[in-house]
Amino acid sequence: AQLHYSVPEDREPGFSVGDLAKDLGVEVRSLAARNLRLVSEGGQRHFQVDLAAGVLLLDSRLDREALCGQSPTCSLHLQLVMENPLQLHRVEVDVLDVNDNAPQFPKPEVVLEITEVANPGTRLPLEVAEDPDMGSNSISTYELSPSKHFALSINVRGDGVKMPEIVLEKALDREKVPVHHLTLTALDGGNPVKSGTARVTIHVLDANDNPPVCDPPISKVLLEENVPVGTLVTKLNVTDLDEGPNGDVEYSFKTSNNAPGKFTKLFSLDARTGEIRTKAPLDYEESSAYEIAVRARDKGSPAMEGHCHLRVELIDINDNSPEILLTSVSSPVQEDAAPGTVIALIGVKDSDSGDNGQVHLQIAKELPFKLVSSFKEHFSLVTSAPLDREKATGYNITVRAVDSGSPQRATQKTFYLHIADVNDNAPNFSSPFDTAHVQENSLPGTSVFSVSASDPDEGGNAKLSYSILDNGMQDVPISTYFRIDQDNGTIYTVRALDYEQDKVFQVPVEVKDAGSPALSSTAVVHVFVLDENDNAPNIVYPSVPKGSAFHQAIPALAEPGYLVTKIVAVDADSGHNAWLSYQLQEPAEALPFQVERRSGEIRLAQALRESEDSHRLVVEVRDNGTPSLSSSVVIVISPEENSVQDFSKSLDLPQSSPEDTNLTLYLIISLVSISLVSCVMFGLVAARC
C-alpha cells in the first residue's frame with residue numbers, strides 16, 4: 001500500500017509526520033517484532049520511525065528549496081519494510097512550501113546609463129528578482145523609490161514572470177544631475193510579506209551641449225620682472241559642464257595670423273592643464289604689461305570653445321643701474337675761471353620706474369665743484385670756488401649716480417679735468433740778495449755766480465729769461481763788467497777786474513717769464529772782487545829816483561838805539577797781500593844798524609867807531625802775498641861830528657793822496673755792505689724758521 005503525508009518545510013526534528021501503525025492497520029506492539037524499518041530512496045535519511053508509538057517522525061529540518069528547487073511540487077519517497085510476513089509499503093511525503101525566503105536581486109546594485117538628450121518614454125529594462133519560494137510566496141510585485149524623472153513599469157512574460165522596467169518621464173540635464181540614485185524593491189505574496197531591494201544607479205551620459213567657460217573671463221596677474229624661467233604665472237580656471245571628451249578641454253594661445261602675439265615668445269601654455277608659465281626672462285623696461293588671449297576647446301563633436309583673457313602686469317624691480325651720460329666736458333678750464341663756470345653737462349638715465357628710476361647725482365664735497373640741476377635728469381657741473389693750477393693741475397672728478405630703489409643701485413663715472421695755466425705768478429728768486437766772489441784779474445768769461453728763479457706756472461708762463469739791469473750805481477755801466485746767460489742765469493765777467501779799482505759790484509738781475517703779460521722779479525748780486533797779489537810794495541819815503549841812493553847823516557857819537565830814519569811803504573793790495581815787512585839785505589860785512597821788521601824804523605844797533613866811514617844799507621820791503629813781491633831802497637848813512645837831526649822835521653812824509661782816501665771809502669762801503677747782507681740773510685733765515 002502507499003501512504004501519503006505532508007509536512008511544512010520549517011518543522012523541527014521530532015515532528016510527527018504520520019501515524020504509521022494506524023494507517024497500516026498494524027498493532028503498535030507488533031512493529032518491533034516484525035522489525036519495521038525505513039528505507040529512504042536516494043540514500044538521504046530525513047525521517048525515522050518511533051516503534052514504540054508507531055509514528056513517522058521528522059529526523060532533520062527540511063528545506064524545500066534545497067530538496068526540490070523551483071519545482072512546483074516537492075515529494076519525498078520512503079519504503080517501509082516489515083518482516084513476518086515480509087511486506088513492503090511505499091510512503092510519499094509532500095514537503096509544503098513556507099515563505100522563508102525573501103526576494104533577492106542578482107546584484108545588489110544595478111548601474112544603468114542614459115543619454116541626457118534621451119526623450120521621455122525611454123525604457124530601461126531591469127533584472128528580475130529571484131525568490132526560491134513558490135506560489136503565493138514568490139514575487140508578487142515591484143516598487144521604485146520616488147523620482148522626478150523616472151517611473152516603474154511592470155510587464156508580465158508568458159511564463160508569468162513579472163519584468164520591471166524604468167521609464168523616463170522628464171527630460172534630463174547631466175550638468176544639473178549627472179547621476180540618479182533609485183531603490184528598486186521586490187515584494188513576495190507571503191504572509192508576512194518579505195522583500196528584497198537593489199540600488200539602481202542611473203548615469204546620465206553627457207552630450208556636448210556646454211562650451212568651456214573661463215572663470216573669470218578677464219583676469220589680471222601681477223608678476224615681478226626677472227622671475228626665473230618656468231615660473232607659474234597662473235592656472236586658468238576653465239569649466240565645461242560636459243564630461244568625457246565633451247568636457248576634456250585643450251588650451252592654446254589665440255593669436256592673429258597677421259600679427260602673432262609677442263607674448264608667445266615669453267610665455268608657455270600647457271595644453272592639458274591650462275598652466276601659463278614664463279619661458280624667457282621678462283623685462284619691465286621692455287614692456288610693462290602683456291595681453292594674453294587663450295582659446296579653450298573641448299573634444300566633443302562638434303567641438304565647442306571658450307575664451308580667456310589674461311593681463312600680465314609686471315612689477316618693476318630695481319634691476320637697472322643708473323647710466324651717466326657726459327654730454328659735454330670743457331677741459332681744460334682756465335684756472336682764473338669765475339665761480340659758477342660750467343665745466344660739464346651731465347645726463348642721467350635709469351630704465352626702472354617709480355622710485356627705482358629716481359636718480360640722485362653726487363660728487364666729493366672737497367672738490368671745488370658742485371652740481372646744479374638744469375632740468376629733469378640733466379645737471380650742470382660748475383665751479384664753486386676759485387681754481388689754482390699751482391695747487392692742483394687737474395682733478396679726477398667722480399660723479400656717482402644713486403637711485404632710490406631698495407636695495408639701491410649706483411653707478412659712477414670718473415673723468416679728468418685739466419686746469420689750464422694762467423700767468424698769475426711772477427718768477428721768484430731763491431733769494432733777493434746773493435753774494436758772489438771773483439778773483440781779480442780773472443779772464444773775461446769767467447763764471448761768477450748762477451742765480452736761480454722759479455715760476456709755479458707752466459709752459460710759456462714758466463719759461464724764464466735773465467738779464468742784467470743798469471741801475472746807474474757805478475760810474476761805468478755794469479754791463480761793461482758782467483753779462484748773464486739769459487737761459488740759465490749764469491753771470492760771467494766781460495773783462496778782467498781790478499781789485500784796486502773796484503772792490504765790490506752790485507749786479508741787479510731781472511728774471512722775466514714769457515707769459516702775456518710778462519711778469520718779472522729782480523734780485524741783487526753783490527760781487528766782491530778778491531784781491532790778488534799783483535802790486536809790489538811802494539816805498540813812499542825816502543823817495544829817491546830809481547837807481548839812486550838816499551843819504552842820511554847821523555851824529556858820530558850816536559848811541560845804540562838811535563833812530564836813524566824810517567822807511568815808509570804802502571801796498572795797493574789788501575789783506576795779507578798788503579802786510580809789509582822790512583829787512584836788510586844781507587851785506588858782505590856786519591853793519592851796526594838794524595831795521596824794525598814791522599815799523600820800518602832804522603836804528604843804530606851799536607856805537608860807531610871813529611874810524612868808520614859811511615855805511616850803505618839796502619832795505620827790502622816785502623809783502624805777505626803769494627808769491628811775495630818786494631821793493632828796496634838804498635840808504636847811505638854817514639856819521640858827522642856834532643850833527644843833530646830832528647827826525648820829525650827831516651822825515652818828510654807824503655800827504656795822503658785822493659787815491660788813499662778813495663781806498664778807505666771803498667773799504668768802509670764794503671764793510672757796511674757785508675754787514676747789511678749778513679743782517680738780511682739772518683733776518684730771512686729767522687723768518688723762515
Side-chain angles (χ1 to χ4, degrees), residues 219-234 261-268 276-292 310-333 339-385 387 392 394-419:
S219 59
K220 181 174 71 174
V221 174
L222 299 179
L223 188 67
E224 285 190 350
E225 64 171 329
N226 292 344
V227 294
V229 174
T231 298
L232 177 65
V233 178
T234 187
K262 185 178 181 181
F263 60 84
T264 58
K265 299 179 181 179
L266 302 176
F267 300 94
S268 64
I276 298 178
R277 296 179 180 271
T278 61
K279 71 175 183 180
L282 303 179
D283 190 354
Y284 177 90
E285 289 69 40
E286 185 176 343
S287 179
S288 61
Y290 297 92
E291 298 290 342
I292 301 177
L310 176 66
R311 178 179 174 84
V312 179
E313 294 185 357
L314 299 185
I315 300 174
D316 184 40
I317 63 174
N318 196 21
D319 60 339
N320 290 283
S321 298
E323 296 182 37
I324 300 175
L325 306 174
L326 287 177
T327 306
S328 174
V329 179
S330 299
S331 180
V333 61
T341 301
V342 177
I343 302 301
L345 298 178
I346 304 173
V348 294
K349 182 176 69 173
D350 195 318
S351 300
D352 296 320
S353 62
D355 290 340
N356 297 332
Q358 295 294 324
V359 182
H360 305 280
L361 280 186
Q362 51 189 246
I363 60 173
K365 294 182 179 179
E366 61 270 14
L367 296 177
F369 307 99
K370 65 179 180 179
L371 289 167
V372 178
S373 178
S374 302
F375 48 93
K376 185 179 180 181
E377 297 182 345
H378 289 79
F379 298 83
S380 298
L381 181 67
V382 301
T383 57
S384 60
L387 305 178
Y395 296 91
N396 281 315
I397 302 176
T398 299
V399 181
R400 179 178 172 85
V402 182
D403 62 25
S404 301
S406 179
Q408 289 183 328
R409 298 180 73 95
T411 302
Q412 64 181 31
K413 179 173 286 189
T414 301
F415 65 93
Y416 183 76
L417 178 65
H418 180 68
I419 306 300

Go through it in stages, so that I can follow the logic: the residues are Val382 and Thr341, the test is side chain to side chain contact (heavy atoms under 4.5 Å, CB included), and I'd like the CA-CA distance, side-chain angles, deciding distance and then a yes or no.
CA-CA 5 Å; Val382 301; Thr341 301; over 6 Å; no

Are the side chain of [X] and the backbone of [Y] linked by a donor-acceptor contact shorter than 3.5 Å?
X: Ser328; Y: Leu345; answer: no
X: Thr278; Y: Gly230; answer: yes
X: Glu225; Y: Tyr284; answer: yes
X: Thr411; Y: Pro322; answer: yes
X: Asp316; Y: Ser353; answer: yes
X: Asn318; Y: Pro407; answer: yes
X: Glu313; Y: Val221; answer: no
X: Lys370; Y: Lys365; answer: no
X: Thr327; Y: Ile346; answer: no
X: Lys413; Y: Ile324; answer: yes

Return the minimal non-hydrogen interatomic distance between [X] and [Y], and the atom names on each side.
X: Ser219; Y: Leu310; result: OG-CD1, 3.2 Å
X: Ser331; Y: Tyr416; result: OG-O, 3.9 Å
X: Lys279; Y: Phe267; result: CE-O, 3.6 Å
X: Phe379; Y: Ser373; result: CD2-CA, 3.7 Å
X: Ile343; Y: Thr383; result: CD1-CG2, 3.6 Å

Quick one, [X] and [Y] - any side-chain contact, counting heavy atoms below 4.5 Å?
X: Ile315; Y: Leu223; answer: no
X: Leu387; Y: Pro368; answer: yes
X: Ile397; Y: Thr414; answer: no
X: Asp352; Y: Glu285; answer: yes
X: Leu371; Y: Ile363; answer: yes
X: Ser374; Y: Ser380; answer: yes

How long is the span from the [atom1] atom in [X] to the [atom2] atom in [Y], to the nearest 0.5 Å?
X: Glu323; Y: Lys349; atom1: CD; atom2: NZ; answer: 4.5 Å
X: Ser268; Y: Ile276; atom1: OG; atom2: CD1; answer: 8.5 Å
X: Asp283; Y: Ser288; atom1: CG; atom2: OG; answer: 11.0 Å
X: Glu291; Y: Arg311; atom1: CD; atom2: CZ; answer: 4.5 Å
X: Leu417; Y: Ser330; atom1: CG; atom2: OG; answer: 8.5 Å

If we ignore angles and hydrogens, is there a donor and acceptor under 3.5 Å between the side chains of Ser404 and His360?
yes

Under 3.5 Å side-chain donor-acceptor pair for Asp403 and Asn356
no

For Phe369, check ring pair (Phe, Tyr, Trp, His ring centres under 6.0 Å) against everything at least two apart and list the hits.
Tyr395

Any chance you could lay out the side chain to side chain contact (heavy atoms under 4.5 Å, CB included) test for Thr398 and Phe415, step after step, and finish with the verdict?
CA-CA 7 Å; Thr398 299; Phe415 65 93; over 6 Å; no

Determine whether Arg409 and Asn320 satisfy the following criterion, side chain to side chain contact (heavy atoms under 4.5 Å, CB included), listing intermediate values before the conclusion.
CA-CA 7 Å; Arg409 298 180 73 95; Asn320 290 283; 5.7 Å; no

Going through the distances and angles, do Val359 and Val402 end up as a side chain to side chain contact (heavy atoms under 4.5 Å, CB included)?
CA-CA 5 Å; Val359 182; Val402 182; over 6 Å; no

